[in-house]
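Below is one structure, written out as structure tokens; comments come after it.
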Amino acid sequence: MSELKISIMPLSWNEIKDRALKFSKEWEDASNEDADAKPFLVEFFNVFGISSRKVATFEHRIKKLNEQDGYIDMLWKGMMLVEMKSRGKNLDKAYEQAREYLHGLKEHELPKFIIVSDFENFRLYDLEEDTMTHFKLDELVDNVQHFGFISGYQKKVYKEQDPANIKAAELMGKLHDRLKDIGYTGHPLEVYLVRLLFCLFADDTTIFNKQQFQDFIEQRTIEDGSDLAAKLHELFQVLNTPKDERFTNLDEQLAEFPYVNGKLFEEQLPMASFDAKMRQALLDCCSIDWARISPAIFGSMFQSVMNPVERRNLGAHYTSEKNILKVIKPLFLDELWKEFATIKDNPNKLRDFHSKMSKLRFLDPACGCGNFLVIAYRELRMLELEILRNLNKSGQGALDVGDIIKLDVDMMYGIEIEEFPARIAEVAMWLIDHQMNMQVSNEFGQYFTRLPLRKSAKIVNGNALRLDWEEVVLKDDLNFILGNPPFAGKQVQSPSQKEDMNLVFRGLKNTGILDYVTAWYLKATVLSQDSKIQIGFVSTNSITQGEQVGILWHLVMKKFEMKINFAHQTFKWGNEAKGNAAVHVVIIGFAHFDTNHRSLYVYENISAEPVLTSAKNINPYLVDANNVFIFARTKPLCDVPEIIKGSETTDDGHFILTLEEVSNLTQKNENAKKFIRPFIGGGDFINNRVRYCLWLKDMKSDELRDIPEILERIERVRRFRLSSSKERTRSWANFPTLFTEDRQPSSRFLMFPKVSSEKRTYIPFAFVEPVFIINNTASFIPDASHFTFGVLQSKMHMTWTKYVCGRLESRFIYSNKIVYNNFPWPEQPTEKQVQAIEQAAQGVLDARAEFPNSSLADLYDPLTMPPKLLKAHQTLDKAVDLAYRPQPFTSDAKRMEYLFELYEKYTAGLFGGSGKKKKK
């Protein structure tokens with residue numbers, strides 16, 4: 001049995017091609033009798049520089065499915081299987097034979113490639129990509145790139161949903177669990193796993209010799225795993241020791257490992273312990289082709305294996321590369337590429353540009369596993385590669401790749417509150433740096449690696465909201481702040497997070513309603529004062545809606561004079577993994593300086609692709625309009641009726657009756673009918689459901705004596721209120737027949753739900769008779785006119801609602817204090833305009849009446865909305881638009897521009913200007 005070896009320094013492509021030509025010439029004249037698979041393959045692998053370590057075995061014996069022995073001509077475990085045939089033999093059958101051998105191999109031995117050849121024809125099968133490359137011996141020189149994986153020259157396309165990413169994380173999860181089960185936990189476990197992660201990547205990306213780590217485990221540890229921990233401990237020491245300082249009698253296989261440095265292996269960890277299953281789990285991890293795993297994607301997946309709940313939904317816990325690019329392209333990347341395009345043919349300017357790029361500094365103050373930093377660095381290195389191509393075109397002579405690369409990982413800074421992802425981020429930066437160095441090596445045919453590691457990204461493990469960010473990177477050195485800080489709305493913030501918010505917003509009013517992410521906005525804002533620092537954050541869209549706008553953005557844009565220079569309006573964030581939670585976000589790029597070019601990315605719907613538009617100004621609602629800050633208002637801005645919230649029962653459901661309960665109660669006692677009323681809330685209203693309630697407001701004390709069922713319900717209400725921790729509720733136990741908040745109108749009212757689907761073109765309003773008791777999930781306007789109904793049902797009002805309302809997930813929350821009370825109604829409409837609106841409003845009501853069996857949910861579903869009703873609304877929209885101005889509105893954005901201008905005009909007097917409160 002023969003063995004092959006591979007060198008740690010890959011040959012250049014030119015050297016490989018020279019060897020390929022020589023190899024083809026030597027073997028093209030070989031007769032069938034002279035053709036011997038073993039020397040042929042030895043020399044074939046020598047073409048790619050294999051000469052210094054064990055990677056393969058010849059005539060590898062296995063058991064076939066029929067239990068007979070089979071012999072693989074050459075097996076490189078976990079990488080390649082080769083089946084040779086005599087010249088002219090059928091290569092299809094050779095491939096079938098090779099596939100049969102796979103059944104006799106262990107999982108970590110399964111190859112990624114199969115080669116079949118008859119000495120004259122080659123076929124290379126890529127089993128992972130399911131591709132086949134065919135060529136003849138004399139064409140080898142033109143096909144060596146397909147065998148780049150032998151020397152480490154691999155071009156990898158990272159797929160966000162590549163199953164390999166998930167499989168790798170799952171295998172690491174199993175190893176994590178077994179180590180934790182034996183009692184190896186906490187900080188040592190986290191560091192241990194990160195070290196193993198580095199070794200696994202290094203094994204497949206030429207940091208180590210090919211499969212050096214896997215071979216070390218297979219060949220230097222026994223199968224029961226009892227000595228594996230000691231061997232790994234020794235390996236970690238070797239990786240942290242310069243070669244000239246190592247023991248002279250060190251095991252030959254250990255001595256071949258490079259000096260890594262970077263402090264990754266510096267800390268002395270407690271000795272772990274392994275058994276046979278754990279050893280096999282580590283070997284299973286080795287069987288993954290780590291060269292095809294993206295450090296940006298895998299980092300978040302790897303973090304999720306630490307959480308059993310998150311692990312059930314592996315794949316849903318990373319930020320997709322596509323969405324990261326939505327931040328970094330408008331933040332800095334697009335401008336850099338644009339500048340490159342203008343100077344690429346000017347060597348002197350290009351060198352200055354290259355030098356400028358190398359001085360850029362980036363901070364992600366909530367970096368997690370570093371995916372934003374990794375992708376940003378990768379994209380910068382891709383641009384640097386283009387610079388190098390232009391500065392070092394072919395024919396310009398020899399160069400040292402190490403001398404021409406200027407960008408390094410120390411341009412990246414991060415803050416992460418958890419230690420484990422912080423350490424992953426450091427390693428991920430080294431790995432992406434190495435992968436980009438391999439691309440440069442590919443380009444210039446010269447192997448380049450940064451070992452030992454001398455520089456690293458500065459990832460600080462700490463609470464970003466309690467740290468001085470200048471302790472991480474000086475303000476004067478910093479160019480860009482970016483990332484995806486944690487969202488956490490006020491209702492789900494932990495006590496510690498609330499304390500963070502209090503520290504950041506110390507002394508500022510009404511900040512208790514703000515999302516957690518807003519603290520990063522303020523920290524970044526304060527740091528960037530009087531600087532050219534640019535910021536790009538992903539945030540929940542709630543910070544551009546509802547009450548938060550007036551509080552956060554008035555502070556950021558008014559007091560601190562920040563400007564929004566680019567923004568993505570609301571879209572769905574995440575990836576397409578099964579079970580991925582729907583998060584609706586915005587991206588906001590802002591700075592303390594102005595720009596002549598503002599980019600606004602608009603979306604037709606939350607799942608659509610963005611459309612880039614140019615904006616004069618981007619206000620906090622992410623609209624091209626003047627900066628407007630809408631605060632909660634207790635009274636309407638215009639002279640219109642007030643909105644009233646429905647009544648509150650505080651009854652634990654004892655006042656509420658189903659249809660069956662109504663039937664049973666009235667059958668037992670006919671007099672009970674007078675105390676039962678239809679009961680309606682927002683969901684009932686939309687879906688045409690009817691519930692019932694006991695309405696005892698005007699009852700006489702002796703009327704209930706003969707209805708024990710009602711008396712029993714009253715007693716339950718009394719007891720429920722008495723058990724409350726709130727004094728006010730307990731006081732209402734003295735009035736158990738009444739609602740605690742009775743706002744029931746005595747005349748016809750205009751009703752609408754507080755929460756409505758964002759998919760509807762219009763939030764349905766409807767007139768309801770006072771016999772219906774309205775509860776607190778809906779609101780109403782008493783004695784509303786058709787004019788009021790018409791304006792509220794118009795596209796003009798709906799557009800206002802869509803942009804300024806708060807949201808429950810993505811659904812609209814119609815608030816009187818934010819939406820209704822701040823809405824700028826038409827300014828002094830003429831009688832003719834009022835009549836036109838009233839007439840069109842009646843047209844909408846008439847169209848609805850033609851579908852008596854349809855609920856409002858059916859009528860206003862975009863897919864099922866009757867054409868007649870839609871046309872009635874379009875007529876109403878036109879009538880309302882004309883009450884604002886004679887020129888038509890070409891888009892919702894134009895409507896908002898006009899409404900914001902009108903709002904500013906109406907509020908000028910309220911905030912010290914000359915305007916006054918407007919009447920409709």
- Query: Per the ring pair (Phe, Tyr, Trp, His ring centres under 6.0 Å) rule, which among Tyr903, Tyr803, Phe900 passes with Tyr621?
  - Reply: Phe900
- Query: Can you find a pair of side-chain heavy atoms, one from Leu555 and one from Thr511, that are under 4.5 Å apart?
  - Reply: no
- Task: Determine whether Leu514 and Phe505 make a side-chain contact, defined as any pair of heavy atoms from C-beta on separated by less than 4.5 Å.
- Result: yes
- Could you check whether the rings of Trp430 and Phe198 sit parallel, tilted or perpendicular, using 30° and 60° as the cut-offs? perpendicular
- Item | Test item: Trp800 side-chain N/O and Leu899 main-chain N/O as donor-acceptor pair under 3.5 Å | no
- Message: Are His554 and Phe631, when compared by the centres of their aromatic rings, separated by less than 6.0 Å?
- Response: yes
- Task: Ignoring hydrogens and angles, state whether a donor on the side chain of Ser355 or Lys359 is under 3.5 Å from an acceptor on the partner side chain.
- Result: yes
- Message: Going by side chain to side chain contact (heavy atoms under 4.5 Å, CB included), Asp515 matches just one of Val492, Thr540, Leu552. Which one?
- Response: Thr540
- Assess the side chains of Tyr377 and Asp433: does a donor N or O sit below 3.5 Å from an acceptor N or O? yes
- Message: To the nearest 0.5 Å, what is the distance between CG on Leu478 and CD1 on Ile533?
- Response: 4.5 Å
- Item | Trp290 side chain vs Ala202 backbone, donor-acceptor pair below 3.5 Å | no
- Query: Can you tell me how far the CD1 atom of Ile587 sits from the OG1 atom of Thr570, to the nearest 0.5 Å?
  - Reply: 11.0 Å
- What is the distance from atom CG of Asn437 to atom CD of Gln435, rounded to the nearest 0.5 Å? 10.0 Å
- Item | Shortest non-hydrogen contact from Ala457 toward Met429 | CB-CG, 3.7 Å
- Identify whether NZ of Lys or CZ of Arg in Lys532 sits under 6.0 Å from the centre of the six-membered ring of Phe593 and within 45° of that ring's axis. yes
- Please round to the nearest 0.5 Å and tell me the distance separating atom CG of Leu360 and atom CG of Leu380. 7.0 Å
- Just by distance, do the side chain of Asn479 and the backbone of Arg361 share a donor-acceptor pair under 3.5 Å? yes
- Note on the structure: For Leu325 and Pro330 the tightest heavy-atom approach is O-CD, 3.9 Å
- Going through the checks in order, is the side-chain contact (heavy atoms from CB on, under 4.5 Å) test met by Ile328 and Phe480? CA-CA 10 Å; Ile328 67 175; Phe480 300 99; over 6 Å; no
- Item | Side-chain donor-acceptor contact under 3.5 Å, Asn626 with Asn617 | no
- Which heavy atom in Ile630 sits nearest to a heavy atom in Ile818, and how many Å separate them? CG2-O, 4.0 Å
- Query: What's the shortest heavy-atom distance between Glu386 and Asn390, and which atoms?
  - Reply: O-ND2, 2.8 Å
- Measure across Val194 and Val427 and return the closest heavy-atom pair with its distance rounded to 0.1 Å. CG1-CG2, 3.3 Å
- Message: Less than 3.5 Å apart, any donor N or O on the side chain of Arg423 or Asn461 sitting next to an acceptor on the other?
- Response: no
- Within the side chain of Ser528, is there an N or O that forms a donor-acceptor pair under 3.5 Å with the backbone of Ser531? no
- Message: Which residue in the set Arg506, Lys523, Arg466 passes salt bridge (charged side-chain N to carboxylate O under 4.0 Å, His left out) when paired with Asp500?
- Response: Arg466
- Does a sphere of radius 6.0 Å around NZ in Lys616 hold more than 12 heavy atoms from other residues, nucleotides or ligands, not counting ones at 6.0 Å or beyond? no
- Where does the angle between the aromatic ring planes of Trp553 and Tyr521 fall among parallel (under 30°), tilted (30 to 60°) and perpendicular (over 60°)? perpendicular
- Note on the structure: Rounded to the nearest 0.5 Å, the CG atom of Asp468 sits from the NZ atom of Lys475 at a distance of 11.0 Å
- Message: What I'd like to find out is whether the side chain of Glu416 reaches to under 4.5 Å of the side chain of Val460, using heavy atoms alone.
- Response: no
- Query: So does Glu267 pair up with Arg195, basic N to acidic O under 4.0 Å?
  - Reply: no
- Task: Could you tell me which non-hydrogen atom of Asn627 sits nearest to which non-hydrogen atom of Ile618, and how far apart they are?
- Result: OD1-O, 3.7 Å
- Item | Lys563 with Asp594: basic N within carboxylate O range, under 4.0 Å | no
- Query: Side-chain contact, heavy-atom cut-off 4.5 Å: Phe340 with Phe353?
  - Reply: yes
- Short question: side chain of His592, backbone of Phe560 - any donor-acceptor pair under 3.5 Å? yes
- Query: Taking the side chain from Gln569 and the backbone from Val586, do they hold a donor-acceptor pair closer than 3.5 Å?
  - Reply: no
- So, the side chain of Gln493 versus the backbone of Ala488: is there a donor-acceptor pair under 3.5 Å, distance only? yes
- Task: Without swapping roles, check the side chain of Glu426 against the backbone of Ala422 for a donor-acceptor pair under 3.5 Å.
- Result: no
- Message: Any salt bridge linking Arg378 with Glu321? Criterion: basic side-chain nitrogen under 4.0 Å from a carboxylate oxygen.
- Response: yes
- Message: A side-chain contact here means heavy atoms from C-beta on lying under 4.5 Å apart; do Leu350 and Leu391 qualify?
- Response: yes
- Task: Could you please spell out the steps behind the ring pair (Phe, Tyr, Trp, His ring centres under 6.0 Å) verdict for Phe590 and Phe566?
- Result: CA-CA 7 Å; Phe590 58 111; Phe566 76 88; 9.2 Å; no
- Task: State, with a plain yes or no, whether a side-chain heavy atom of Phe487 is found less than 4.5 Å away from one of Val538.
- Result: yes
- Looking at Asp410 and Lys458, does any basic side-chain N land under 4.0 Å from a carboxylate oxygen? no
- Tyr603 six-ring centre to Lys572 NZ/CZ under 6.0 Å and within 45° of normal: no
- Query: Under 3.5 Å, is there a donor-acceptor pair between the side chain of Glu384 and the main chain of His354?
  - Reply: no
- State whether Glu339 and Lys356 are salt-bridged, where the test is any N-O pair (Lys NZ or Arg NE/NH1/NH2 against Asp/Glu carboxylate O) under 4.0 Å. yes
- Query: Hey, are the side chains of Val374 and Met412 touching, using non-hydrogen atoms and a 4.5 Å cut-off?
  - Reply: no
- Item | Trp520 side-chain N/O to Pro365 backbone N/O, donor-acceptor pair under 3.5 Å | yes
- Message: For Ile551 and Ile513: C-alpha separation, side-chain torsions, deciding distance, then whether side-chain contact (heavy atoms from CB on, under 4.5 Å) applies.
- Response: CA-CA 9 Å; Ile551 297 167; Ile513 70 164; 3.2 Å; yes
- Message: To the nearest 0.5 Å, what is the distance between CH2 on Trp337 and CD on Glu379?
- Response: 8.5 Å
- Check against side-chain contact (heavy atoms from CB on, under 4.5 Å), Val260 and Phe265: CA-CA 8 Å; Val260 173; Phe265 297 96; 4.0 Å; yes
- Residue pair Phe537 / Val327, side-chain heavy-atom distance below 4.5 Å: no
